[in-house]
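Here, residue 1 is the first one in the sequence, and each next residue gets the next number.
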Amino acid sequence: MSPESFLPALVLAALTLLLSRRQPRLHPKWIARALVVLSASTALAVIGTLVLIIVVAAQPNEGGHGSAPLPLAFTSAALLALTIVHVLAAAWRWRRDLRTATGLVNDERPFAIAVPGRQGGVTVSTGLLGLLSGRELEVVFRHEETHLRHRHHLYLAAATVTAKIFPPLALAAGALRYALERWADEDAAAAVGDRKLTARTIAKVALAYSNATPQAGFASGHTGRRVAALLSETPPDSRVAGPLLLGGSWMMMGGTVTSALQLHHLGLLLLLA
């Protein structure tokens with residue numbers, strides 16, 4: 001195998017981690033969508049590279065040995081098997097978490113969680129109802145409705161799986177979670193027409209329960225950054241830059257996949273022969 005065989009996965013990983021670190025000033029929905037596309041593309045490229053190593057090692061060359069070193073092939077097979085186990089375990093935990101009850105929970109800790117599914121909805125605690133005013137509760141429900149309407153649980157599931165496949169993508173998963181919360185924050189602020197109220201509500205809930213970090217929860221992580229973002233100008237929801245970023249991510253995915261096929265088609269043909 002040539003070093004170029006690893007190039008598609010390396011290029012996609014570099015682009016994904018770069019976007020995770022340095023994000024353009026756009027509406028968070030475009031950042032979240034681009035991160036999902038790039039993370040999924042990277043994970044698929046990594047799996048494809050592992051499979052290719054195994055396939056190439058199984059094809060004898062002129063000397064009767066595989067074209068890839070056997071230790072590398074065995075390592076790839078072990079990593080692939082471990083990845084499958086981790087992905088199945090993550091899928092099982094995800095399905096278990098979806099069974100969370102919705103409605104009002106008798107708990108003095110203030111929190112709200114968007115629970116997806118046919119019988120899903122918004123779970124809120126009695127502590128949250130006692131803490132917030134009517135307008136502040138509207139912010140909370142608008143925030144959680146955005147998570148449900150745009151199926152943010154699928155974004156989170158994809159981020160979990162890709163990070164299991166390629167651990168460095170955990171950085172992208174963290175950036176994605178922040179982008180999803182910011183997306184819901186911006187939608188809530190637009191719905192109630194008051195960015196300061198939205199920022200104050202987030203800070204109020206976080207201060208009342210700083211240790212509460214439910215998945216896609218209202219006051220989960222990055223509270224300071226979220227509040228600061230809401231107290232600044234509304235990020236541009238550009239009809240040009242946003243689709244361009246997302247389209248560029250898809251094009252990069254297609255380009256690297258095409259390059260991978262061009263580099264590896266001989267090995268696959270040998271497998272099918």
Side-chain angles (χ1 to χ4, degrees), residues 16-36 38-39 107-114 122-125 127-150 152-153 155-156 159-160 163 168-238 241-242 245:
T16 305
L17 297 179
L18 178 62
L19 182 60
S20 302
R21 286 282 190 179
R22 302 182 65 87
Q23 300 166 0
R25 179 169 170 72
L26 290 171
H27 193 286
K29 65 183 180 183
W30 297 113
I31 305 298
R33 290 164 178 168
L35 281 171
V36 166
L38 288 174
S39 296
D107 194 322
E108 63 181 10
R109 298 170 299 178
F111 62 85
I113 308 173
V122 178
T123 297
V124 297
S125 68
L128 185 73
L129 296 182
L131 175 69
L132 302 181
S133 67
R135 286 274 287 163
E136 291 169 337
L137 284 172
E138 183 183 1
V139 170
V140 173
F141 280 102
R142 293 289 189 177
H143 176 104
E144 300 302 333
E145 285 170 2
T146 293
H147 286 315
L148 294 173
R149 184 171 63 256
H150 295 288
H152 285 176
H153 63 287
Y155 289 71
L156 293 172
T160 300
L169 290 178
L171 177 64
L176 176 62
R177 282 191 290 270
Y178 173 70
L180 293 176
E181 291 302 321
R182 284 284 300 117
W183 182 350
D185 290 344
E186 290 296 333
D187 279 10
V192 301
D194 192 333
R195 296 179 66 81
K196 290 184 178 180
L197 172 65
T198 305
R200 185 170 65 249
T201 303
I202 292 172
K204 188 174 182 178
V205 175
L207 287 173
Y209 189 17
S210 60
N211 293 324
T213 56
Q215 188 179 39
F218 179 73
S220 63
H222 305 289
T223 302
R225 292 174 62 194
R226 291 167 58 194
V227 170
L230 284 166
L231 293 178
S232 62
E233 295 182 359
T234 304
D237 188 5
S238 174
L245 174 64

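Here the straight-line distance linking atom CG of D185 with atom CG of L230 works out to 5.0 Å at 0.5 Å rounding. Rounding to the nearest 0.5 Å gives a distance of 13.5 Å between NZ of K204 and CD1 of I202. Note: L38 CG to L19 CG = 6.0 Å, rounded to the nearest 0.5 Å. For the atom pair NE2 (H150) and CD (E145), the distance works out to 10.5 Å, reported to the nearest 0.5 Å.
When every heavy atom of D107 is checked against every heavy atom of R109, the shortest pair comes out as OD2-NH2, 2.6 Å. Closest heavy-atom contact between L131 and E136: O-OE1, 4.4 Å. Of all heavy-atom pairs spanning A112 and L128, the tightest one is CB-CD2, 3.8 Å. The heavy-atom pair separating P235 from R195 by the smallest distance is CD-NH2, 4.2 Å. A pairwise comparison of heavy atoms in Y155 and L180 identifies CB-CD1, 3.8 Å as the closest pair. Minimum interatomic distance between A203 and T223 (heavy atoms only, all atoms of both residues): CA-CG2, 4.4 Å.
In this structure, E181 and R226 have side chains that are in contact, with non-hydrogen atoms separated by less than 4.5 Å. By the 4.5 Å heavy-atom criterion applied to side chains, E233 and R25 are counted as neighbours. At a threshold of 4.5 Å between non-hydrogen side-chain atoms, the residues L176 and S20 do not count as touching. Contact annotation: the side chain of E138 never approaches that of L132 to less than 4.5 Å [non-hydrogen atoms, C-beta and beyond].
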| task | Start with the C-alpha gap between T201 and H143, add the side-chain angles, then the distance that decides, and say whether side-chain contact (heavy atoms from CB on, under 4.5 Å) holds. | result | CA-CA 11 Å; T201 303; H143 176 104; over 6 Å; no
| request: For the pair V139 and R142, evaluate side-chain contact (heavy atoms from CB on, under 4.5 Å) and give the outcome as yes or no after the intermediate values. | output: CA-CA 5 Å; V139 170; R142 293 289 189 177; 5.9 Å; no
| task | I would like to know whether H27 and D187 meet side-chain contact (heavy atoms from CB on, under 4.5 Å); could you show each step before the answer? | result | CA-CA 10 Å; H27 193 286; D187 279 10; 4.0 Å; yes
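Classification of the H147-H152 ring pair by plane angle, with boundaries at 30° and 60°, yields perpendicular.
Classification of R182 and E186 as a salt-bridged pair holds, one side-chain N sitting under 4.0 Å from a carboxylate O.
S39 places no side-chain N or O within donor-acceptor distance of the main-chain N or O of V36, the cut-off being under 3.5 Å.
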